[in-house]
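Values in this document were obtained by computation on a predicted structure and should not be read as measured data.
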Amino acid sequence: MRNYFSRITLIAALVGAPLTAWAAPADKDKIADPSVKSAQGTLWVDPVDIQTRNLFYGPGGKEHEPSGTNFTFVDEDMNGSNPKYNVKDQDGVKWKIKLGAEAKPETAATRLVWAVGYSVNEDYFLPSLHVSGLPAHLHRGQRLVGQDGLMENARLKRHLKGEEKVGNWPWRDDPFTRSREWNGLRVVMALINNWDLKDSNNAIYEEGGQRIYLVSDLGASFGTTGFNPRQTISKGNLKGYEHSHFITKKTSEYVDFGVPSRPAMIVFFNPVECISRMKLRWIGKHIPRSDARWMGQMLAKLSDEQIRDAFRAAGYSPQEIDGFTKVVEKRIGELTAL
C-alpha cells in the first residue's frame, strides 16, 4: 500500500511539474557561441530544387527503389522497438526491413524531412514481399510473417556503399546547436509529430570523408504528440494527428510547439520511462520565431501534389492521404504566418 501511494504521489508531482524542470539551459547560457558554425553541409543542405523534388521516390529516386519483392534473409536486427531484418535482394543490395506501426509513417516522414534539406535514409514502402531463408523462430515479429516468408506493409531502408554509421549525436550538445538549421529541424519534428526524439535516434554517418548528421528513426510520426505504449495510437494515426496541438505558445521572439509532449497517463506508472520522456519536451520549446517562420517559408514551396506523394509513397489510402495532407498544409500556413 505504501508503494502504491508513493507512486501516486510521484505521478502527481510529474504531472504538475513546470516545463522549466525539464527545460534546456536558461537563455543566459545560450548566448551565441562564436565556435558554433552553420549546420549547412553537415545537418542541412539548401534544397535549391525543392519545387521539383520527387517526394514519391524520395532521396534515393526511382533508380534506388527495390528491384523486386523477393529477398534473402541475412540476420535479425534487435535494435529499437519494431521487428527489423537485414536482407539482400536479387542484385546483392542490402536492405533493412521494418515491420509494424512505424513502417508507413516513417516512409512518409523521410520524404518531407528530405524535401527541406535534411539528410534521411533511403526508405521505400512495399505492401508485400517475400523473404527466403528465414529461421524457424524469429525473436520479434513472428506473427507478422506469413507462409513462405510473406511480409506485408514493410519499410525497406537501402544500405548505401561507402556509407558508415560512426555514432550518435545529442540534441543538447552538438556542433550546430542554436543554429538556424538546428532550430529548423526542431520545427520539422513538430510538424510531423515525431515525439520519439531520444539521442539514440540521431545518427552520424561518414561518407566520402564528410560527417552527416540526421534523425535516423522517424517512425514515431503522424500520430499523437507524446509516447503511448499503444503504437497504433501514437504512430501513423490520422485522428490523433488531426486533433493534436501544433503551436502552443507564441511571443514576439519565440514559439513553443506541442511536440514532444507529456506521455500518456499510463506511462506515469513507469517513472523511469516517464521521466526520460518528460526530459525531451524542451526540444519543442522556445524556438526563435524567425527560425520557425524561415522553415515555414521553406515548406511552403512544396506543392499540394508533392505533399500527397509523400503519403502515397507510404501506402496510405486516398482518404488518409487527404487527411494527412490537410493537416500538414494547415501547419505550414501557421508557420508562415508567424
Atom pair OH/OG of Y241 and S234 - distance to nearest 0.5 Å:
14.5 Å
Please determine whether the number of non-hydrogen atoms from other residues, nucleotides or ligands lying under 6.0 Å from atom NE2 of H245 exceeds 12.
no
Salt bridge (charged side-chain N to carboxylate O under 4.0 Å, His left out) between K98 and D217, intermediate numbers included:
CA-CA 11 Å; K98 178 187 281 190; D217 190 333; 3.6 Å; yes
Here the pair of heavy atoms bringing A115 nearest to L302 is CB-CD2, 3.9 Å
Derivation and outcome, side chain to side chain contact (heavy atoms under 4.5 Å, CB included), residues L138 and F73
CA-CA 11 Å; L138 294 165; F73 180 81; 4.3 Å; yes
Rounded to the nearest 0.5 Å, what separation is found between the CG atom of L156 and the CG atom of L129?
6.0 Å
Side chains of residues 328-338: which donor-acceptor partners sit under 3.5 Å, not counting sequence neighbours?
residue	atom	partner	partner atom	Å
K330	NZ	E334	OE2	3.0
R331	NH1	A190	O	3.2
R331	NH1	L191	O	3.0
R331	NH1	N193	OD1	2.8
R331	NH2	S244	OG	2.7
T336	OG1	I332	O	3.4
T336	OG1	G333	O	3.0

Pairing of E106 and R155 as salt bridge, 4.0 angstrom limit
yes
Are I50 and M298 side-chain neighbours, meaning at least one heavy-atom pair lies under 4.5 Å?
yes
In the single-linkage hydrophobic clustering (I, L, V, M, F, W, Y; side-chain heavy atoms under 4.5 Å), do M189 and V259 co-cluster?
no
Quick one: does NZ or CZ of R211 land under 6.0 Å from the six-membered ring centre of F176, within 45 degrees of the ring axis?
no
Between V74 and T72, is any pair of side-chain heavy atoms under 4.5 Å apart?
no
N121 side-chain N/O to D123 backbone N/O, donor-acceptor pair under 3.5 Å:
no
Pair E76 + K84: basic N to acidic O under 4.0 Å:
no
For R158 and L160, run side chain to side chain contact (heavy atoms under 4.5 Å, CB included): C-alpha distance rounded to whole Å, both residues' side-chain angles, the deciding distance at 0.1 Å, then the answer.
CA-CA 6 Å; R158 186 182 180 107; L160 301 178; 4.0 Å; yes
Can you check whether F56's main-chain N or O pairs, donor with acceptor, with N54's side chain at less than 3.5 Å?
yes
Please determine whether residues V113 and F125 belong to a single hydrophobic cluster, defined as Ile, Leu, Val, Met, Phe, Trp and Tyr linked transitively by side-chain heavy-atom distances below 4.5 Å.
no
Taking C-beta and beyond as the side chain, do P47 and W44 meet within less than 4.5 Å on heavy atoms?
yes
Report yes or no: do D174 and T177 form a side-chain donor-acceptor pair below 3.5 Å?
yes
Considering only NZ, NE, NH1 and NH2 on the basic side and carboxylate oxygens on the acidic side, decide whether K62 and E65 come within less than 4.0 Å.
yes
Show the nearest heavy-atom pair for residues M278 and P263, with the distance to one decimal.
SD-CD, 4.0 Å
Please examine the side chains of L112 and V188, heavy atoms only from C-beta on, and report whether any two atoms are closer than 4.5 Å.
no
Do I233 and F324 sit in one hydrophobic cluster, given that two such residues count as connected whenever their side-chain heavy atoms are within less than 4.5 Å of each other, even indirectly?
no
On a heavy-atom basis, which atom in I212 and which in E207 lie closest, and how many Å separate them?
CD1-OE1, 3.7 Å
With the 4.5 Å side-chain cut-off for hydrophobic clustering, are V120 and V166 part of the same group?
yes
Approximate separation, where rounding is to 0.5 Å, of L150 CG and L134 CG
10.5 Å
Answer with yes or no whether the side chains of W169 and D199 bring together a donor and an acceptor at under 3.5 Å.
no
For atom CD of Q147, decide whether the heavy atoms of other residues, nucleotides or ligands shown that lie under 6.0 angstrom number more than 12.
no
Indicate yes or no: at least one non-hydrogen side-chain atom of F257 is less than 4.5 angstrom from one of T248.
no
Considering only NZ, NE, NH1 and NH2 on the basic side and carboxylate oxygens on the acidic side, decide whether K96 and D77 come within less than 4.0 Å.
yes
Measuring only between side-chain heavy atoms, which start at C-beta, is V255 closer than 4.5 Å to I247?
yes
Could you please spell out the steps behind the side chain to side chain contact (heavy atoms under 4.5 Å, CB included) verdict for N194 and V215?
CA-CA 10 Å; N194 181 23; V215 178; 4.1 Å; yes
Heavy-atom distance under 4.5 Å between the side chains of D196 and F227, does that happen here?
no
Is the distance between the ring centroids of Y85 and F71 under 6.0 Å?
no
Path from F222 to L280 over hydrophobic side-chain contacts below 4.5 Å
yes
Does this structure show an ion pair linking D256 with R281, if we count only N-O contacts that are shorter than 4.0 Å?
no
Straight-line distance of D291 CG to N183 CG, nearest 0.5 Å
4.5 Å
S276 vs K198, side chain to side chain contact (heavy atoms under 4.5 Å, CB included): CA-CA, chis, key distance, verdict
CA-CA 9 Å; S276 69; K198 303 187 297 289; over 6 Å; no
Taking Y118 for its side chain and E181 for its backbone only, find out whether a donor-acceptor pair lies under 3.5 Å.
yes
Thinking salt bridges, do K326 and D322 make one under a 4.0 Å N-O criterion?
no
Heavy-atom donor-acceptor pair, D49 side chain to R53 backbone, under 3.5 Å:
no
Checking R111 side chain against F311 main chain: does a donor-acceptor pair fall under 3.5 Å?
no
Near D173 CG, under 6.0 Å, is it more than 12 heavy atoms from other residues, nucleotides or ligands?
no
Spacing of S216 atom OG and N168 atom CG [to the nearest 0.5 Å]:
7.0 Å
Are K104 and N153 close enough that some pair of their side-chain heavy atoms sits under 4.5 Å apart?
yes
Is the number of heavy atoms from other residues, nucleotides or ligands under 6.0 Å of K165 NZ greater than 12?
yes
If you count every heavy atom of other residues, nucleotides or ligands that lies below 6.0 Å from K88 atom NZ, does the total exceed 12?
no
Hey, could you give me the CZ/CG distance between R277 and L197, rounded to the nearest 0.5 Å?
9.0 Å
Between Y213 and W182, does the ring centre distance come in under 6.0 Å?
no
From CA spacing to verdict: salt bridge (charged side-chain N to carboxylate O under 4.0 Å, His left out), E102, K235
CA-CA 6 Å; E102 295 187 2; K235 304 171 182 179; 2.6 Å; yes
